[in-house]
Amino acid sequence: MTTPSIGLDLALLLIRIVVGGTIAAHGAQKLFGWFGGKGLDGSGEIFSTMGFEPGRRNALMAGLGETFGGLLMVVGLGTPAAAAAAASTMVGAAASSRDKGFWAVKGGYEYPLVLATTAACISIAGPGRYSVDEALGNILNQQWMSPIALVAAAAAITAVLLKRRAEIARRAQSQEAKAAG
């Protein structure tokens with residue numbers, strides 16, 4: 001999946017570095033506490049309060065998807081799957097901010113939506129000429145891989161979000177029962 005122009009290849013490289021690096025940094029916050037993050041235990045507690053149970057396991061999965069999906073995007077290796085994994089974690093972040101509205105300044109989902117969309121576009125477009133995928137003859141970057149990776153990532157994040165919705169509903173019922181009893 002080689003792109004036809006040097007300008008487009010440079011644009012894809014720049015997007016991969018900035019967006020992949022940003023997503024990877026978010027993952028490092030969760031996994032290691034780097035860049036002002038809470039680390040796995042602190043992130044697990046936050047995930048738990050948002051209804052992602054068990055919190056630590058969900059934080060670990062999100063952190064791994066972000067860190068390794070983002071890093072693989074940066075270098076352009078296994079781009080369809082790496083970018084799809086990174087995109088799905090950002091969909092989860094966007095969904096957890098949905099109740100705050102669109103704008104990031106109000107804690108909304110604007111920023112993770114932009115990251116998710118850009119990562120999904122990289123999965124579809126491919127990494128361009130300046131990538132490890134290109135150096136390896138694109139064996140991990142075939143046109144058929146992106147739709148499969150994006151559907152699998154969408155299915156995985158949908159399952160996680162449905163489980164979260166059920167947990168939030170369970171908590172609400174428990175609170176109602178406590179208030180009534």
Any heavy-atom pair between the side chains of Phe47 and Arg57 that's under 4.5 Å? no
Side-chain donor or acceptor of Thr67 paired with backbone N/O of Leu64 under 3.5 Å: no
Please check if the side chain of Thr117 supplies one atom and the backbone of Val114 the other of a donor-acceptor pair under 3.5 Å. no
Rounded at 0.5 Å granularity, tell me how far OG in Ser43 sits from CG in Leu31. 8.0 Å
Is it the case that the side chain of Thr89 and the backbone of Ala86 share a donor-acceptor pair, with hydrogens and angles ignored and the cut-off at 3.5 Å? yes
I'd like to know if Met73 and Val18 are part of one continuous hydrophobic network [Ile/Leu/Val/Met/Phe/Trp/Tyr, side-chain heavy atoms within less than 4.5 Å]. no
Check whether Glu110 reaches the backbone of Ala104 with its side chain - one donor and one acceptor, N or O, closer than 3.5 Å. yes
Less than 4.0 angstrom from a charged side-chain N to a carboxylate O is my criterion; do Arg171 and Glu176 meet it? no
Heavy-atom side-chain proximity of Arg56 to Leu60 below 4.5 angstrom: no
Just wondering, do Tyr111 and Ser97 contact through their side chains at under 4.5 Å, heavy atoms? no
From Leu115, Val74, Leu14, residue fulfilling side-chain contact (heavy atoms from CB on, under 4.5 Å) relative to Val19: Leu115
Tell me yes or no: between the side chains of Thr79 and Asp133, is some donor less than 3.5 Å from an acceptor? yes
Please report the closest heavy-atom contact between Ser5 and Leu8, naming both atoms and the distance. OG-N, 3.0 Å
Between Ala87 and Ala120, the two heavy atoms sitting closest are CB-N, 3.9 Å
Between Glu167 (side chain) and Gly51 (backbone), is there a donor-acceptor pair under 3.5 Å? no
Quick check: closest heavy atoms across Ala94 and Leu113, and the distance to 0.1 Å? CB-N, 4.2 Å
Donor-acceptor pair, side chain of Thr49 and main chain of Ile46, under 3.5 angstrom: yes
Hey, what do you get for CG (Leu161) to CZ (Arg98), rounding to the nearest 0.5 Å? 9.5 Å
I'd like to know if the side chain of Ser146 and the backbone of Ser123 have a donor-acceptor N/O pair within less than 3.5 Å. yes
Rounded to the nearest 0.5 angstrom, the CD1-CZ distance for Ile6 and Arg129 is 5.5 Å
Side-chain heavy atoms under 4.5 angstrom apart, residues restricted to Ile, Leu, Val, Met, Phe, Trp, Tyr: same cluster for Val160 and Leu162? no
Where Ala149 and Pro80 come nearest, the two heavy atoms and their spacing: CB-O, 3.6 Å
With no hydrogens and no angle check, do the side chains of Asn138 and Gln142 hold a donor and an acceptor under 3.5 Å apart? no
For the residue pair Leu77 and Ser131, establish whether any side-chain heavy-atom pair is separated by less than 4.5 Å. no
Taking all heavy atoms of Leu12 and all of Pro127, pick out the closest pair and write down the distance. CB-O, 3.6 Å
Residues Glu53 and Ser48: side-chain donor-acceptor under 3.5 angstrom: yes
Quick one: pull up CE in Met61 and CD1 in Ile157 and give me the separation to the nearest 0.5 Å. 10.5 Å
Are Leu140 and Val75 linked, directly or through other ILVMFWY residues, by side chains that come within less than 4.5 angstrom of each other? yes
Do the side chain of Arg16 and the main chain of Tyr130 share a donor and acceptor less than 3.5 angstrom apart? yes
Output, in order, the C-alpha distance, side-chain angles, deciding distance and verdict of side chain to side chain contact (heavy atoms under 4.5 Å, CB included) for Ile124 and Leu150. CA-CA 9 Å; Ile124 294 164; Leu150 288 167; 3.7 Å; yes
Do Ile23 and Met90 make a side-chain contact, defined as non-hydrogen atoms from C-beta onward lying under 4.5 Å apart? yes
Over 60° means perpendicular and under 30° means parallel, so tell me whether Phe102 and Tyr109 are parallel, tilted or perpendicular. perpendicular
CD/Glu66 to CG/Leu71 distance, rounded to the nearest 0.5 angstrom? 11.0 Å
Main chain of Arg170, side chain of Ser174: is a donor-acceptor contact present, judged purely on distance under 3.5 Å? no
Are there over 12 heavy-atom neighbours, none belonging to Met50, within less than 6.0 Å of that residue's CE? yes
Nearest non-hydrogen partners of Ile122 and Ala83, listed with the distance: CG2-CB, 4.1 Å
